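Owing to the predicted nature of the structure, the values given are computational and were not obtained by experimental measurement.
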Amino acid sequence: MTNALSDEDVPLSQRKPSATSKVLATGKKRKSVTVKSETSVAHDDDHAPLKKKRATATAVAQTKAQSSGKEIKTEEKSAKSSASVKASPSPSKASGKSTKLNGNSKPTTEPDSDSDSDDKPLAKRKMKKADSKTEGEETSTQEKEEEEEEEFYKWWEAESNDHSVKWTTLVHNGVLFPPPYEPLPSHVKLKYNGMPVALPLEAEEVAGFFGAMLETEHAKNKVFQSNFFNDFKEILKQCGGSQLKIEKLEHCDFTDIFNYYEEKRAQKKAMTTAEKKKIKEEKDKLEEKYKVCFLDGRKELVGNFRIEPPGLFRGRGSHPKTGKLKERVMPEQVTINIGPNTPIPQPPDGHEWAEVKNDNTVSWLATWKENINGAQKYVFLAANSSLKGMSDYKKFEKARELKNHIARIRKDYTKELKDELMANRQRATAMYLIDVLALRAGGEKGEDEADTVGCCSLRYEHVAFKPPNTVVFDFLGKDSIRYYQEVKVDQQVYKNLKLFKKAPKKFGDQLFDRLDPPTLNRHLQNYMPGLTAKVFRTYNASKTMQDQLDKIENKGTVNEKYVAYNAANRTVAILCNHQRTVSKAHEQSVGKIEDKILEIKMQRYRLKLMMAQLDPEMKKSDPEYFQPDAELDDATIDRLIDQIVQREKDKVTKKFQKENEKRAAENGELLPESELKTRMKVVEELEAEYMKQRKTGKVDIKNGMTVEKLQAQIEKLTERIVNTTLQKKDKEDNSTVALTTSKINYIDPRLTVMFSKKYDVPIEKLFSKTLREKFKWAIESADANWKF
DNA sequence: TCCAACACTTAGTATGCGGATT
DNA sequence: AATCCGCATACTAAGTGTTGGA
């Protein structure tokens, strides 16, 4: 049960401990503690939060009484800060750069004075239009970039306007539905107790979903199996059943179905490039009309215009619903959002849309509700669109704005770590964790979701203590990615966490029982409008990147600088705990590198033997140098020799075959088998040499070989060993770290642009094509001196 | 006042492709 | 040419945070 703490010695790499047992064990308890809310008042000395109380009462009890004075203070503060924020607008201007960029940071229209805009705000629309026109003219000096550039500026400027209106005109072609189900050929059937079963098509499709996944980890997961099977039986029942009564998954044999889909896969793979190209062209043609839309008259790419196909839900971690049937989405479930007085995309023949809206306060083109969790799915514009770009830009500007407040915020929460009011103390502690460890906010989760947590939802079992001030965090975060860190924390934070864990709290209880994200975020708003927990992650990630980049010396080759950039990127990825599963091939490829290193060492040792034979005195004066490397035990050497010889033989054989094929094609005579034998002799000689060395410890020395030459060769090999070893280390260090997530979401792209320009590393090396498109705004606005 | 619904960002994984390697 | 390998992209699940209605 208490696995959370017991497996602290498990290497990071094998994260994702099956949390199944945990879910079961704690589910109920979790619920009982989750009440929260009342804290919103901040000054509830009388706290007395009903249920929550239970667990926490004791801990809290003593402290609250005197706290009222404090609370008042807090209120004052918040009032003050919000006022001051308004007074001192746009602290973001900083950059000095790009004059066009600043200016924004609008008048902080009270929280949501704009919520009014729900009803198609005609007036606003016009204003916006006008605005962008004029500004557009100002900047139009550099026309060369034509429409692209124009677009660029447009969204830039729009930014300073009403942010609740996303568009004034919107034209698009709706969504693309997945193709209908293709029935299995009649000879491919599910077998039940060895007997082929005739299934209604609807049920066959579902069986096929499972059959195709037979060899995946999912299909071996009990929860997945049972969820699938229940839904499968239900569908089967609904569409009339089958002659054979299907009752147990164990009696179902999906192998034929699996093989059928494997076969199809193989066929697809085996297609010639020409065939593939043709298929792709057809596909592109089909998709073409859905790929673009027109937003305020500008062409923009649509992101996910395809309706998600049916299948089995692949929940991450131990998701209670994993394996359930994700149903086919019908047009009747899809709502379209489009400009008024705009042609409405035609639903598929014989079908209708659920609804057609003209809501210009949202950015989605279509939406539907998914049947597993009842979650809303959307079709949005692509990442390189103006809408996404604008909000990305705003996100980073918001994070930069935090620079101006962070000192005060840190000072405050450091002080509040000792606040007598438990709620404040918890809040301060949480802020510390969010700020220093870059934890997520950690909202409440339901029973029917995977048991994962963030800061506010941390529980008793997720922290352990090592005096004097080390806290061991071990929990599953977003996507059930394990967060395991032993961190030295502020002494007071250490004390607090211990306090929050104190009896009567027990396994399953929340550490921060008087805090939740809304409460925390409300508090943060006092410092800066729009400040929420997630802003800290963005801020700290970008700040870290800036600091890391600043450390890089501007020298060496492009490649070296690129490596340094990646190292900086990696620091950020580690901060944010961005991981990836080690690829299947990883172990193998590390093994290969290891063998490579060993082979070089063997080679080197061989050269040393030669040297010793040529000049025995040398060995006497430095016997250690002539020792074989420790890893090179007899068994390893034998294995390596085998490997090398085999590899060489393969090479010779292959080459021989190839030549013959060529000759056959040119109708020349084939090389005789004897030729192959002759060639093979070389390899055999090589083998013999190795064997001789193994048996006698002596090696043959080529004519004209000198100690000096050997020395030079040995040096080269040693260098290769060092390099390859580094390469291996890099590979291993990288194997579990995902760099891309932070690059895409957290690191202000202008930092990368700055690096590119300042260090003369082509941006193409740092940003892939899609990222260059997504971050066009950054590429065009930052220079070598840009600072986060 | 509260919570569920909604909107949008953030996240890891599956897959296909293209370039390096042999 | 074949295979291997890593990267880019597609995909969609899983978060955060806001809002509107009971």
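For the pair Leu312(A) CG and dA13(C) P, the interatomic distance rounds to 11 Å; values are reported in whole Å. Whole-Å rounding puts the Asn373(A) CG to dT12(C) P distance at 15 Å. The NZ-C1' distance, from Lys321(A) to dA13(C), rounds to 13 Å in whole Å. For the pair Asp479(A) CG and dG12(B) C1', the computed distance is 6 Å after rounding to whole Å. For His586(A) and dG6(C), the NE2 to C1' distance is 13 Å, given to the nearest whole Å. Rounded to a whole Å, the CG atom of Asn384(A) is 14 Å from the C1' atom of dA10(C). One can place CD of Glu444(A) at 15 Å from C1' of dG17(C), the figure rounded to the nearest angstrom. Rounded to an integer number of Å, the gap from Glu449(A) CD to dA13(C) P is 13 Å.
At a threshold of 4.0 angstrom between heavy atoms, the contacts of Lys774(A) with the nucleic acid are absent. Contact annotation for Phe313(A): backbone-only contact, meaning every heavy-atom pair under 4.0 Å involves sugar-phosphate atoms and none involves a base. Counting non-hydrogen atoms under 4.0 angstrom, Lys269(A) reaches nothing in the nucleic acid. Gly454(A) comes within 4.0 angstrom of nothing in the nucleic acid, heavy atoms only. Across all strands, Ser363(A) comes closer than 4.0 Å only to sugar-phosphate atoms, never to a base (heavy-atom distances).
Under 4.0 angstrom from either OP1 or OP2 of dC11(C) there lies no side-chain N or O belonging to Asn304(A). Between Ser391(A) and dT9(B) there is a side-chain polar atom (N or O) within less than 4.0 angstrom of OP1 or OP2. When the side-chain nitrogen and oxygen atoms of Lys326(A) are compared with OP1 and OP2 of dA13(C), one or more of them lie within a distance under 4.0 Å. The phosphate of dT15(B) (OP1 or OP2) has no side-chain N or O of Lys268(A) nearer than 4.0 angstrom. Regarding contacts with the backbone of dT9(B), every side-chain N or O of Tyr746(A) stays at 4.0 angstrom or more from both OP1 and OP2. Side-chain N/O atoms of Arg306(A) include one lying less than 4.0 angstrom from OP1 or OP2 on dC11(C). OP1 or OP2 of dT13(B) has at least one side-chain nitrogen or oxygen of Thr581(A) nearer than 4.0 Å. Note on Arg265(A): a side-chain N or O is less than 4.0 Å away from OP1 or OP2 of dT15(B). An OP1 or OP2 oxygen of dC5(C) is reached within less than 4.0 angstrom by a side-chain nitrogen or oxygen of Lys592(A). Proximity of Lys769(A) to the phosphate of dC7(C): no side-chain N or O atom is located under 4.0 Å from OP1 or OP2. Phosphate contact (OP1/OP2 of dA13(C), side-chain N/O of His319(A), threshold under 4.0 Å): absent. In this model, the phosphate group of dT9(B) is approached by a side-chain N or O of Lys388(A) to a distance below 4.0 Å at OP1 or OP2. Put simply, Arg440(A) has a side-chain N or O that comes within less than 4.0 Å of OP1 or OP2 on dA11(B). The phosphate of dA5(B) has neither OP1 nor OP2 within less than 4.0 Å of any side-chain N or O from Gln376(A).
Listed candidates were dG17(C), dG15(C), dT10(B). Nearest to the side chain of Lys395(A) is dT10(B). If you check dG12(B), dA11(B), dA13(C) against the side chain of Arg537(A), the one that comes closest is dA11(B). Of the candidate nucleotides dT13(B), dA13(C), dG15(C), dA13(C) has the atom lying nearest to any side-chain atom of Lys377(A).
Ion pairing between a basic and an acidic side chain is recognised when a charged N comes within 4.0 Å of a carboxylate O; Asp451(A) and Lys445(A) show no such pairing. A salt bridge links Lys280(A) to Asp284(A): one of the charged nitrogens lies within less than 4.0 Å of a carboxylate oxygen. A salt bridge between Glu449(A) and Lys321(A) is absent, with no side-chain N of the basic residue lying under 4.0 Å from a carboxylate O of the acidic one. Taking the charged nitrogens against the carboxylate oxygens, Glu308(A) and Lys326(A) do have a contact shorter than 4.0 Å, which makes a salt bridge. Of the charged side-chain nitrogens involved, at least one lies within less than 4.0 Å of a carboxylate oxygen, so that Lys395(A) and Asp392(A) count as a salt-bridged pair.
Side chains of Tyr378(A) and Ser363(A): no donor on one and acceptor on the other come within 3.5 Å.
Separation of the Phe380(A) and Trp364(A) ring centroids does not fall under the 6.0 Å cut-off.
For the pair Thr740(A) and Tyr378(A), both in contact range of DNA chain B, the more 5′-proximal nearest nucleotide belongs to Tyr378(A). Residues Gly477(A) and Phe767(A) both approach DNA chain C. Their nearest nucleotides, taken by heavy-atom distance, put Phe767(A) toward the 5′ side. Each of Lys369(A) and Lys280(A) has a nearest nucleotide on DNA chain B; the 5'-most of these lies closest to Lys369(A). Projected onto DNA chain C by closest heavy-atom contact, Ala533(A) and Leu771(A) fall at different nucleotides, the more 5' of which corresponds to Leu771(A).
Of all non-hydrogen atoms in Val223(A) and Pro320(A), the two that sit nearest each other are CG1-O, 3.7 Å.
Ring pair Tyr483(A)/Phe473(A) is perpendicular by interplanar angle, where above 60° counts as perpendicular and below 30° as parallel.
Taking 4.5 Å as the limit, every side-chain heavy atom of Leu295(A) sits out of range of all side-chain heavy atoms of Ser385(A).
In the helix from dT1(B)-dA22(C) to dT22(B)-dA1(C), the terminal helix axes, each the rotation mapping four pairs' C1' atoms onto the next four within five end pairs, subtend 0°, rounded to 10°.
The base of dT10(B) does not come close enough to the side chain of Lys534(A) for any donor and acceptor atom to sit less than 3.5 Å apart.
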